[in-house]
Amino acid sequence: ILNVEQSPQSLHVQEGDSTNFTCSFPSSNFYALHWYRWETAKSPEALFVMTLNGDEKKKGRISATLNTKEGYSYLYIKGSQPEDSATYLCARRDDTDKLIFGTGTRLQVFP
Amino acid sequence: DSGVTQTPKHLITATGQRVTLRCSPRSGDLSVYWYQQSLDQGLQFLIQYYNGEERAKGNILERFSAQQFPDLHSELNLSSLELGDSALYFCASSVAGTGAGYNEQFFGPGTRLTVL
C-alpha cells in the first residue's frame, strides 16, 4: 500500500447500530496514526493518536485499534447516535511530522 | 474550539490575483502546518514551519509560499491564482516539530477560497 486508504467511503446506519471502518497505510517508516472526526462546516477534531503496534484507545463509545506490522487501524462506534454523523479521517505520520490523510469515511446515522 | 484561529473565513477573488491567509496557532504550539482540501480530494499537506523555520514541504506549488513570524503566527501567500486553487485551506498547530510521539495536530476552522 502506497497511500492511506479508508473504507468504506460512506456508511448509513440506524441509531443504535454499532459500526466500524478501516484505515490502511504503508507500514514502513511509521511514527503514528491519527484519527479525526470532521463535521460539516467545522474543523477536524482530534480523536486518537496511536503509535505502538497493538495500541487500543477508547473515548466514550468510540474506540480504535492499531496494527503497524500489517498497516491497518480500525475505528469502532458502539451504539451509533445521530450526533455521530460526520466524516472520520485517518492520517499516517512519518518522521517528517506531516500527516498523510485518507479520503475519509462519511457516516450518517438515521434516528 | 481547538484554539487555532484562521482569517478570513471566506475569500472570493479573481484569477491572477494574490491573497494572504493568516493563522494563529494554539498558545504554546511552535509548529504550524498548512493543508489544502480540494473537491474530491483528501486533505493535502502543503508546508510546515517550526519556530520560524521551514521544516517540511509537501506538494506546494511554486506560486504558493508561507512564513512563520516571531510571534509564531503564520501566513500562506497564494499568487497568480487559478480556478483550480479554489479549496478549503486549513492551518493546524502542534507543540513539537519532528515525529515526536503523540504529537497531536489541532486544526483551525479553515479559510474557504473561491477563485472566479
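Here is the naming used below: chain letters follow the sequence lines, and residue numbers restart at 1 for every chain. Every heavy atom of this structure was used, including side-chain atoms; hydrogens, water molecules and symmetry mates were not.
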[X], [atom1] atom: more than 12 neighbouring heavy atoms under 6.0 Å:
X	atom1	value
A:Arg106	CZ	no
B:Glu62	CD	no
A:Gln9	CD	no

What are the two closest non-hydrogen atoms of B:Glu104 and A:His34, and how far apart are they?
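For B:Glu104 versus A:His34, the nearest heavy atoms are CA-CE1, 4.1 Å.
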Looking at every non-hydrogen atom in both residues, tell me the closest pair between A:Ser43 and B:Gly108 and how far apart they are.
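Heavy atoms of A:Ser43 and B:Gly108 come nearest at CB-O, 2.7 Å.
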Give me the contact list for residues 66-89 of chain B versus chain A, heavy atoms only, anything under 4.5 Å, ordered by residue number.
B:Leu88
Do [X] and [Y] sit in one hydrophobic cluster, given that two such residues count as connected whenever their side-chain heavy atoms are within less than 4.5 Å of each other, even indirectly?
X	Y	result
A:Phe25	A:Leu47	yes
B:Val19	B:Ile47	yes
B:Ile60	B:Leu21	yes
B:Tyr35	B:Tyr49	no
B:Leu43	B:Leu46	no

With only heavy atoms counted, which part of B:Gln6 is less than 4.5 Å from chain A, the side chain, the backbone, both or neither?
neither
[atom1]/[X] to [atom2]/[Y] distance, rounded to the nearest 0.5 angstrom?
X	Y	atom1	atom2	answer
A:Trp38	B:Phe90	CH2	CZ	4.5 Å
A:Arg93	B:Gln105	CZ	CD	7.0 Å
B:Phe107	A:Glu45	CZ	CD	12.5 Å

Quick one: does A:Phe101's side chain get under 4.5 Å of B:Phe45's, heavy atoms only?
no
Identify which part of A:Phe48 has an atom lying under 4.5 Å from any heavy atom of chain B, answering side chain, backbone, both or neither.
neither
For chain B, the option from A:Ala46, A:Gly104, A:Ala91, A:Ala41 that forms the most heavy-atom pairs under 4.5 Å
A:Ala46
May I ask you to name which of A:Thr103, A:Leu99, A:Ile100 has the most heavy-atom pairs under 4.5 Å with chain B?
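Max contact count across the listed options: A:Leu99.
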